[in-house]
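In what follows, a single structure is set out as structure tokens and then discussed.
Note that this is a predicted model, so its numbers are computed, not measured. Chain naming here is simple, since letters A, B, ... match the order of the sequence lines and numbering starts at 1 in each.
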Amino acid sequence: DVKVTQSSRYLVKRTGEKVFLECVQDMDHENMFWYRQDPGLGLRLIYFSYDVKMKEKGDIPEGYSVSREKKERFSLILESASTNQTSMYLCASSHRTGAYNEQFFGPGTRLTVL
Amino acid sequence: AQSVSQHNHHVILSEAASLELGCNYSYGGTVNLFWYVQYPGQHLQLLLKYFSGDPLVKGIKGFEAEFIKSKFSFNLRKPSVQWSDTAEYFCAVKGNTDKLIFGTGTRLQVFP
């Protein structure tokens, strides 16, 4: 069974803290993605990685950075957390362009910044 | 730029009612289209997808969707909903990159 796992289901942090969200996939996918999900706004892409050490900004990259040192792992970093970053964060992965490159999602991390 | 519109934000139905959720996209080129579902407390999972061929696509749990190119639409349908279909449904489009553009989602509540 294919799997995308995220390090935490729930996380509570304070304003100004540095926050790391980890994502691991076991499907040997080239692509990995970080989204945030907010009510009424759907899923918005934060960052995208198409290979190790490669990254591309999504629609809302401000306040976030990413790291991909290994193919199976993609980290999202909030350098200095703010209350407006309280959200559900979803990680996904897929094969590179092709007929079967649907995205597979992890369970999500609900982050609250106080 | 690509965009996806889901016109129904919140739909409430009784069991056995028919369902149709609207999805329209804007993109001039060849598209791949997806419907994802998120059941309460669960992760987002693929319901069905269209890549090419027959524009009527069948997915899991009795869902289907029809791609109408002239209308830029990919509406989701189910002839008879069940309480277990209560979930949030997202339409998504992929153009010439590997990125998906998602709609804002439709929350479906089915009452017994």
Side-chain angles (χ1 to χ4, degrees), chain A residues 1-6 8-10 23-25 27 29-51 54-61 66 74 87-110, chain B residues 1-11 21-25 29-54 57 59-60 65 74 87-109:
Chain A
D1 199 14
V2 296
K3 257 204 166 142
V4 179
T5 56
Q6 296 182 227
S8 307
R9 290 300 300 270
Y10 299 94
C23 175
V24 177
Q25 51 96 3
M27 295 166 280
H29 284 163
E30 297 83 10
N31 297 330
M32 295 188 76
F33 307 82
W34 274 108
Y35 296 90
R36 63 178 282 176
Q37 182 181 7
D38 299 288
L41 297 178
L43 277 74
R44 293 178 292 166
L45 183 65
I46 305 172
Y47 265 99
F48 159 48
S49 170
Y50 50 91
D51 203 346
M54 306 304 288
K55 62 185 179 186
E56 191 174 305
K57 290 181 180 178
D59 300 317
I60 51 165
V66 290
F74 191 35
S87 186
M88 172 70 88
Y89 290 88
L90 300 180
C91 176
S93 68
S94 74
H95 282 302
R96 205 168 286 160
T97 302
Y100 302 102
N101 65 340
E102 68 184 81
Q103 290 185 19
F104 294 85
F105 284 82
T109 296
R110 186 166 295 281
Chain B
Q2 299 172 51
S3 66
V4 177
S5 295
Q6 291 183 243
H7 312 296
N8 317 103
H9 300 294
H10 191 190
V11 174
L21 301 182
C23 174
N24 287 92
Y25 66 92
T30 301
V31 292
N32 300 146
L33 296 156
F34 305 81
W35 276 98
Y36 281 84
V37 61
Q38 189 173 37
Y39 297 104
Q42 296 189 28
H43 63 275
L44 211 64
Q45 56 187 285
L46 184 70
L47 204 51
L48 49 78
K49 60 189 175 187
Y50 171 81
F51 282 93
S52 63
D54 189 344
V57 179
I60 60 172
F74 190 55
E88 191 155 18
Y89 294 81
F90 295 92
C91 181
V93 63
K94 186 181 85 68
N96 60 358
T97 72
D98 285 340
K99 293 184 280 189
L100 288 180
I101 305 299
F102 283 86
T104 53
T106 297
R107 184 171 298 279
L108 172 66
Q109 280 184 287

Among A:Y35, A:F105, A:F104, which residue meets the side-chain contact (heavy atoms from CB on, under 4.5 Å) test with B:L44? A:F105

side-chain hydrogen bond (donor to acceptor under 3.5 Å, both in side chains) involving A:H29 - partner list, sequence neighbours excluded: A:S93

With rounding to the nearest 0.5 angstrom, report the [atom1] to [atom2] distance, [X] to [Y].
| X | Y | atom1 | atom2 | value |
| --- | --- | --- | --- | --- |
| A:E102 | B:Q45 | CD | CD | 11.0 Å |
| A:Q37 | B:F102 | CD | CZ | 9.0 Å |
| A:M32 | B:D98 | CE | CG | 14.0 Å |

Chain A contact via [X] - side chain, backbone, both or neither, heavy atoms under 4.5 Å:
| X | value |
| --- | --- |
| B:L100 | both |
| B:Q38 | side chain |
| B:Q6 | neither |

Using non-hydrogen atoms only, which part of A:L45 is less than 4.5 Å away from chain B: side chain, backbone, both, or neither? side chain

Given a strict heavy-atom distance threshold of 4.5 Å, which part of A:R44 is in contact with chain B: side chain, backbone, both, or neither? neither

Should B:F90 and A:L43 count as side-chain neighbours, where that means a heavy-atom distance under 4.5 Å? yes

Can you check whether A:Q6 reaches B:H43 side chain to side chain, under 4.5 Å on heavy atoms? no

Using ring pair (Phe, Tyr, Trp, His ring centres under 6.0 Å) as the criterion, list what pairs up with B:Y89, not counting sequence neighbours. B:F63

Check A:K57 against B:K99 and note the closest heavy-atom contact, atom names and distance. O-NZ, 4.3 Å

